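In what follows, a structure is listed as C-alpha cells, so that the remarks can point back to it.
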Amino acid sequence: MNVIRSASKLPARSESITLETADGLKLVGEVALPESGEPEATIICVHPLPTHGGMMDSHVFRKAAWRLPALANMAVLRFNTRGTESQQGRSEGEFDGGVGERFDVAAAVEYAEFHELPRPWLVGWSFGTDLTLKYGLEPGVEGAVLMSPPLRYTTEDELARWAEDGRPLLALVPENDDYLQYPEAKRRFAAVPQSEVVEITGGGHLWVGKAEEALDRIVGRILPDRAPLPREWDGPMGRGDTSAYANKTVAAFGGFLPKPGEGEGGEGD
C-alpha cells in the first residue's frame, strides 16, 4: 500500500472535452471517469473567480479529478468558464461578472446529460457557488455542494427558488473564511430549509491543507458509502503535473475574491 500524497494521480480515463454554450462559445473542459466500469455519480466543478486566480485546475478540483474516479467510483467534470485560462487551455469569450456564465453552467450540465453521466451534482467553490446558486437548478441536477460560499452575487430571490425547489444544498464554510463565516452563513441559508451548513474547523477560503477534508465531505454527501476516502492505494499511482503552478502564489490554487472595498463589486463597495 502506498500513501496518497498531494500530487498523487490515480488511474482514470481522462479526456479533454469542448463545451459549446448557447451563445456560441467553446469552453475548455475535461472529464475523468473510473478506469473500468460505470461511475455511480458525477460532480460538475464550478471554479472560483477567474479574475483572482480561479480555474478548473484550482487545487481541490484538480485533486478531485486525480482521485475520485479511482477512490469513489465517481465521474469528475471540470471546465473553464468564459475567458478563463489554465494549464488545460483558455475558454473563448471574456469574464462577464456572473451574467453570461449562466450559459457556461448550462453547457456543462447539458454535456453530462448528453453523455449519460449519472447523478450529476454541482460542486461550486467561491464565485462558483454563486454561479451554482444562480443557475444550478437545471433539469437532472440532483443537488449542490458549496465550498466557501460568499453569497456575493446570489440574491434572496435565488435562494428562495432553491427553497421552493427542494433540491439538497450542502454549504461547507471554513472557520476562518475571509468573506462569509459560519454564524452569518447559518443565518443566510436559513432561507433554504433543506440546506445543511457545516463549519470546517481551522479552514480558510482557499482550503489550503484541507483538500482531503473537502473531498471527504463532497463524497460523503453524494455517495456516503464511499466516504471517508482511503489515504492509501494498492495499485499503480502516478504523479500529477503541477509544474505550471510552481512559481505562482497560493491564489493560483484557490482563486480568492477581492478584499472588501477592492473593486469587482466586492463586499463593502
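Every value quoted in this text rests on a predicted model; they were computed, and no experiment measured them.
- Other residues, nucleotides and ligands contribute only 12 or fewer heavy atoms inside 6.0 Å of the CZ atom of Arg239.
- One finds no salt bridge joining Glu92 and Lys26 here, because no Lys/Arg side-chain nitrogen approaches an Asp/Glu carboxylate oxygen to under 4.0 Å.
- Between the side chains of Thr81 and Thr84, a donor-acceptor pair is found at a separation under 3.5 Å.
- Remark: Trp66 CH2 to Leu215 CG distance equals 12.5 Å, nearest 0.5 Å.
- Screening residues 196-214 for salt bridge (charged side-chain N to carboxylate O under 4.0 Å, His left out) gives Arg67-Glu212, Lys210-Glu213, Glu213-Arg217 as the qualifying pairs, with residues at least two apart or on separate chains.
- For CD of Glu113, the number of neighbouring non-hydrogen atoms (other residues, nucleotides, ligands) closer than 6.0 Å is 12 at most.
- Taking the charged nitrogens against the carboxylate oxygens, Lys134 and Glu101 have no contact shorter than 4.0 Å, which rules out a salt bridge.
- Between Glu164 and Arg161, none of the side-chain N atoms (NZ, or NE/NH1/NH2) sits under 4.0 Å from a carboxylate O, so this pair counts as no salt bridge.
- Among Gln87, Lys9, Arg62, the single residue meeting the side chain to side chain donor-acceptor pair (under 3.5 Å) criterion with Asp241 is Gln87.
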(request) For the pair Phe127 and Tyr153, evaluate ring-ring contact (aromatic ring centres under 6.0 Å, His included) and give the outcome as yes or no after the intermediate values. (result) CA-CA 8 Å; Phe127 173 68; Tyr153 293 87; 5.4 Å; yes
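- A donor-acceptor pair shorter than 3.5 Å cannot be found between the side chains of Thr155 and Asp157.
- With salt bridges taken as basic N to acidic carboxylate O contacts below 4.0 Å, one links Arg82 and Asp104.
- Under the rule for a side-chain hydrogen bond (donor to acceptor under 3.5 Å, both in side chains), Trp162 has no partner lying at least two apart in sequence or in another chain.
- With no hydrogens or angles considered, a side-chain donor-acceptor pair links Gln88 and Asp57 at under 3.5 Å.
- Between the side chain of Asp216 and the main chain of Leu229, a donor-acceptor pair closer than 3.5 Å is present.
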